[in-house]
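Take a look at the structure set out below.
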Amino acid sequence: MEEQKKGTAEQKKSCINCGAELTYKPGSTQIKCDYCSHEEVIDQKGQEFQELDLKPYLDEFGSQSHSEEILMLQCKNCGANQHIEETYKSLHCVYCTMPLIIEDAKKEDWILPGAVLPFQFDQRKSHQIFSKWVKGLWFAPNNLKKAALDPQYTKGLYLPYWTFDAQLYAQYRGERGDYYYVTVPYTTTENGKTVTRTRQEQRTRWTPASGDVSGFVDDTLIKASNQRRNPVPSKIANWNLDSLQPFNSSFLAGFVTEKYTIPLKEGHLESTKEAENIARSWARHDIGGDTQRVHKIKMTLNEETFKHILLPVYISSYQYSGKKYNFFINGQTGAISGKRPYSFWKIFFFILFILILLGIIGYIASKNN
Ligand SMILES: [Zn+2]
Ligand SMILES: [Zn+2]
């Protein structure tokens, strides 16, 4: 084992009573032993958010101080790259449940996370959310409730994201539009006669406008996981980043961590596009008037920093009549979304019922005529 630095992902803690590995206790700032219920407070003293200067990381990656090697397992089926602790008894891809082979594990470089949003509830609670969701589903097969939700396929996963901060300065050229109204005559027919009336119509007076805007762009969040086969539904991908904690590997203990597959460079391009949208909206606000046109914008970003952050989701799949379905739960808010089975017969009888109802209505209507 290499020398263990504080805040590295590979750091592990064992129970002082029984030697078992301690895992993070969701919703707390503690790690706990599953066997003897010993608990320890996660020491966050002196830990800070790691905002890193962007430039050196964009120029060349590998020699930076804030990176390390981590043991990664790539899923041959769906391509997800996940850090799985060696002590896991069963190794399955969190996304597609394919078995993973520990011998395939590779040491890879990664930029250490600067912050983590710890899980707020445990796996048991995620099962309750799942059960409640199933009960509320329309046209779900009756015996779906009994469908096997295999706990070994329910995993808490930390998803990778990039966040970017920058000092934005932009010069713009455009036009300011002010509305005014004109009285326009028009002809119409009233009581068989052609008459002339007037109405008010809106017009816009355009005047050239130019100037500059500046300000701080804070925490532009960019997805760093490129899952095409099993994308995390955007419906659940909303986290409150105020609850971010300075990175500490103790928060990852007992969970799977995905390594970013969207490189920093690509993430930065995305965030630059978002910054340009922000600059445009600032320019529009600066121009004022009723409406605006922005023809040209020249933006510069200074003092750019970034963070690699980890956000929590529970991913599971369940078997139902030989097919596999996925669902996702936001590990902070409990929002749920997923694929689900439909009952053919329930839909069949519902449509039949509607058709019969329409038939009856049609019959009554034709009798009344
Ligand atoms: Zn113990
Ligand atoms: Zn997979």
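For ligands, and for the atoms within them, numbers begin at 1 and follow the listed sequence. The model shown is predicted, which means the values in this text are computed figures rather than measured ones. Numbering starts at 1 and runs along the sequence shown.
For C15, the nearest N, O or S atom to the Zn ion (ligand 1) falls under 2.8 Å.
Remark: E175 pairs with R293 by the salt bridge (charged side-chain N to carboxylate O under 4.0 Å, His left out) rule, at least two apart or across chains.
In the displayed structure, Y186 atom OH is contacted under 6.0 Å by more than 12 heavy atoms of other residues, nucleotides or ligands. Within 6.0 Å of CZ in R280 there are more than 12 heavy atoms belonging to other residues, nucleotides or ligands. Applying the 6.0 Å contact sphere to CZ of F216 captures more than 12 heavy atoms from other residues, nucleotides or ligands. Heavy-atom neighbours of E48 CD from other residues, nucleotides or ligands within 6.0 Å: at or below the threshold of 12.
Between the side chains of E274 and T220, no donor N or O sits under 3.5 Å from an acceptor N or O.
Protein N/O/S atoms closer than 2.8 Å to the Zn ion (ligand 2): C75 SG, C78 SG, C93 SG, C96 SG.
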